[in-house]
Peer 1: 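The structure that follows is given in the form of C-alpha cells.
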Amino acid sequence: MTADAAQRGLVLVVEDEPAIADLVRLYLTRDGFGVHVEWDGTAGLAAARRLRPVACVLDIALPGLAGTEICRKLREAGDWTPVIFLTARDDEVDRIVGLELGADDYVTKPFSPRELVARVRAVLRRTAGAPAGAEQPRVVGPVTLDPARRTVTAAGTPVQLTSTEFDLLAHLMARPGRVFTREELLAGVWGYAAHAGTRTVDVHVAQVRAKLGPASVIRTHRGVGYAADA
Ligand code: CA
C-alpha cells in the first residue's frame, strides 16, 4: 500500500471470503483509502488494536472470532472506531443492532462495493463531528446533547451512544417538536437515499430510546415518523 493510497486513512477489512475481500479492497483503494485485510477474526481484532484504522468493515461469520465479537471487544475497551458489518442475511440486521454492539452501519450480502464505499465515507463524515465550540448544547426535557463534545446526558447521567445513534438524536434535537419522516432521517443522518430501508431508522431509534431509558424524549408519531419532545 503506497502512502498516497492511504490519504483518507486506513480501513481494516476482516472477511474470510477472498473474492469479497479483494473486491472491497479494490473499491476502497480506488477511493483513496488504505486497506488492510485479515481473514481471521482473532487476527482482525489484533490488527484493529495495532493499526488503529479510521474504520472497520467486519464480516460476521469468521474463523477464530465472529465479527460481532470483534466489535464487542473493541467497545469494551473504549474503542469507538466506526464499524460497518457485512451481513449474510437480512434477518441478522435486528440482531446486530439489538446486541448493543455499537455498530455504525451494515450492508447485506450480496452488496454493491460502491454502496459499501459510500457507507464508509458517510460514517467517517458523521464521526468527524462539528468543530469545537461551533454549536451550543441542545436541551430537550431531561436530555442534554453537546454537539461539540459529542456527549449526551439523560437526567444528568452520561449516556454512551454510537456515532450513528448520536447523530440521529442530534438531528431530532436540533428542532425539538419537529416530526421527521424516516426518509428524512435516512437522508439527513445516514446521508444516503431511502433505498437502504426505513427499518434502519426504527432499529436505531429503539436503541437510542433503550439507552436514554425513562428520560427518552423521542416520540413516535404513528404513520409519520419521530420527533424529540419534552
Ligand atoms: Ca464469512
Side-chain angles (χ1 to χ4, degrees), residues 1 5-6 8-124 126-127 162-165 190-192 195-197 199-204 206-207:
M1 200 57 54
R8 286 184 189 274
L10 181 75
V11 176
L12 172 66
V13 177
V14 189
E15 167 60 79
D16 60 326
E17 291 175 60
I20 295 178
D22 287 347
L23 200 62
V24 170
R25 184 206 293 272
L26 177 70
Y27 275 78
L28 284 171
T29 303
R30 268 190 199 161
D31 204 57
F33 289 98
V35 179
H36 179 90
V37 174
E38 293 287 351
W39 320 102
D40 166 279
T42 309
L45 177 62
R49 289 174 168 163
R50 187 175 73 246
L51 301 173
R52 303 223 149 258
V54 296
C56 300
V57 175
L58 306 178
D59 184 29
I60 293 195
L62 290 166
L65 192 66
T68 46
E69 287 306 304
I70 296 174
C71 186
R72 192 194 307 278
K73 285 178 187 295
L74 290 175
R75 299 308 188 229
E76 279 171 3
D79 183 337
W80 291 84
T81 304
V83 167
I84 298 171
F85 281 114
L86 305 177
T87 79
R89 304 193 320 263
D90 201 41
D91 61 3
E92 279 181 332
V93 169
D94 287 340
R95 193 170 66 86
I96 293 166
V97 182
L99 281 171
E100 296 191 37
L101 291 167
D104 295 279
D105 209 344
Y106 55 84
V107 294
T108 308
K109 294 178 184 176
F111 58 88
S112 137
R114 276 199 191 82
E115 175 72 11
L116 176 64
V117 170
R119 302 294 183 93
V120 170
R121 293 177 66 158
V123 90
L124 289 176
R126 295 201 308 270
T127 53
T162 69
S163 58
T164 302
E165 291 162 359
W190 277 260
Y192 47 82
H195 71 267
R199 192 168 60 146
T200 302
V201 176
D202 295 333
V203 289
H204 280 87
Q207 203 61 24

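Scope of the values below: all heavy atoms of this structure, side chains included, with no hydrogens, waters or symmetry mates. Read the numbers this way: they start at 1 and go in the same order the structure lists the ligands and their atoms.
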Peer 1: With a 4.5 Å cut-off on side-chain heavy atoms, are Leu23 and Phe111 touching?
Peer 2: no
Peer 1: Which protein atoms of type N, O or S are found under 3.0 Å from the Ca ion (ligand 1)?
Peer 2: Asp16 OD1, Asp59 OD2, Ala61 O
Peer 1: Is any side-chain heavy atom of Asp31 closer than 4.5 Å to a side-chain heavy atom of Arg8?
Peer 2: yes
Peer 1: Is there a donor-acceptor contact under 3.5 Å from the side chain of Arg50 to the main chain of Leu45?
Peer 2: no
Peer 1: Can you tell me how far the CG atom of Asp59 sits from the CD1 atom of Ile20, to the nearest 0.5 Å?
Peer 2: 7.0 Å
Peer 1: What are the two closest heavy atoms between Ala21 and Val37, and how far apart are they?
Peer 2: CB-CG1, 4.0 Å
Peer 1: Return yes when atom CZ of Arg49 has more than 12 non-hydrogen atoms of other residues, nucleotides or ligands closer than 6.0 Å, and no otherwise.
Peer 2: yes
